[in-house]
Amino acid sequence: MKNDKAHFVAFVGVMYALIFVLFLLEGAVLSPLGMTACILSLPVAIAISIYDGWKKSFIGGTLLGICSCIFCLIFSAFIRYANPLVSILPRFFIGVTAYWTYYGLSRLFKNIKNTFVRESLPAAIAGIIGSLTNTVLYLLAVSICDGKGADALTAIMGVAVTIYFPIELAACAVFVPVYVKVLQKINRKIVSKGALDKREGVKAGESANAGGEQQ
């Protein structure tokens, strides 16, 4: 159990560092162009949320939100968006909606022979749903905190017609299935190694007991 917790904490730490670096890279490259799309970090956050069970579905979005909050605190131009109700809370639901989309479609397509439809398509659609959740809830939170909740729909529609929104959707649709496969492969290796270590520990214990009985 302790081993599993250690792996989990290490995994979360590594994923947080990865998302933060990608978030900084996006800010450095896209901000001068007038874009704020999460083309790199959001697909990773969604993949983290859906590759395993529902209990971990909130992790990716929450990590993205924390990175966003810290980013806004570092760069004073974005300080108004550092409010956790804007930067973190809306992102909490990214992985939740994406996970249940992925889970439902995976169950629906589980008997289909085509590998793409059975495995990649659910992840791609989940990526799109996660991206939509991020955009809609984030803009809604910004509007409410600015005292312009009634204008939230206008703000959402304004973003929907910009160039970076479809780019973000496409990035999530393409990258999420790839990241999910990588994370699932890593997870299987960790689980297999844990099971192997457990069996070896049992065998060592049995050997020690046998030796004690012989004496």
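Because the structure is predicted, anything quoted here is derived from the model rather than measured.
Side-chain contact between L140 and P90 is absent, with no heavy-atom pair separated by less than 4.5 Å. S57 has its side chain within reach of V96: a pair of non-hydrogen atoms, C-beta onward, lies under 4.5 Å apart. Residues P122 and R107 form no side-chain contact, since every pair of their non-hydrogen atoms from C-beta on lies 4.5 Å or further apart. Looking at L63 and V12, their side chains come closer than 4.5 Å, going by heavy atoms from C-beta outward.
E119 contributes atom CD, which lies 7.5 Å from atom OH of Y102 (distance to the nearest 0.5 angstrom). The line from CD of E26 to CG of L42 is 8.0 Å long, rounded to the nearest 0.5 Å. Here the CG atom belonging to L183 is positioned 10.5 Å from the NZ atom belonging to K56, to the nearest 0.5 angstrom. Here I112 contributes atom CD1 and L121 contributes atom CG; the two are 8.5 Å apart, rounded to the nearest 0.5 Å. Note that the CZ atom of F109 and the CG atom of N114 stand 10.5 Å from one another [nearest 0.5 Å]. The line from CG of L169 to CD1 of I39 is 11.0 Å long, rounded to the nearest 0.5 Å.
Residue V14 is grouped with residue I59 when hydrophobic side chains (ILVMFWY) are merged at heavy-atom distances under 4.5 angstrom, including chains of intermediate members. V21 and I48 are assigned to two separate hydrophobic clusters, defined by single-linkage of ILVMFWY side chains at heavy-atom distances under 4.5 Å. Under the 4.5 Å side-chain heavy-atom criterion for Ile, Leu, Val, Met, Phe, Trp and Tyr, V142 and I79 are members of distinct hydrophobic clusters.
Sorted pairs that involve residues 9-25 and meet side chain to side chain donor-acceptor pair (under 3.5 Å), not counting sequence neighbours, are lacking altogether. Among residues at least two apart or in separate chains, side chain to side chain donor-acceptor pair (under 3.5 Å) pairs with a member in residues 61-75 are S68-R91.
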Evaluation steps, side chain to side chain contact (heavy atoms under 4.5 Å, CB included), between L64 and I46:
CA-CA 9 Å; L64 180 66; I46 294 172; over 6 Å; no

Evaluate Y81 against F71 for side chain to side chain contact (heavy atoms under 4.5 Å, CB included), listing each step before the verdict.
CA-CA 9 Å; Y81 302 115; F71 176 86; over 6 Å; no

Test side chain to side chain contact (heavy atoms under 4.5 Å, CB included) on L40 and V44; report intermediate values, then the result.
CA-CA 7 Å; L40 301 174; V44 173; over 6 Å; no

Quick one, L137 with I94, criterion side chain to side chain contact (heavy atoms under 4.5 Å, CB included). Give me CA distance, side-chain angles, the key distance, then yes/no.
CA-CA 9 Å; L137 293 186; I94 294 174; over 6 Å; no

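When all heavy atoms of L73 and A82 are compared, the pair lying nearest together is CD2-CB, 3.7 Å. The minimum heavy-atom distance linking I19 with C67 is given by the pair CG2-SG, 3.8 Å. Across every non-hydrogen atom of Y99 and S49, the tightest pair is CD1-O, 3.8 Å. Of all non-hydrogen atoms in V180 and A123, the two that sit nearest each other are CG2-CB, 4.5 Å. Of all heavy-atom pairs between T135 and E168, the closest is OG1-OE2, 3.5 Å. Scanning both residues, S41 and F23, for their nearest heavy atoms gives OG-CD1, 3.7 Å.
With sequence neighbours left out, the salt bridge (charged side-chain N to carboxylate O under 4.0 Å, His left out) criterion links R118 to no other residue.
Ring geometry for Y51 against F11 counts as tilted: the plane angle lies between 30° and 60°, on a 0 to 90° scale.
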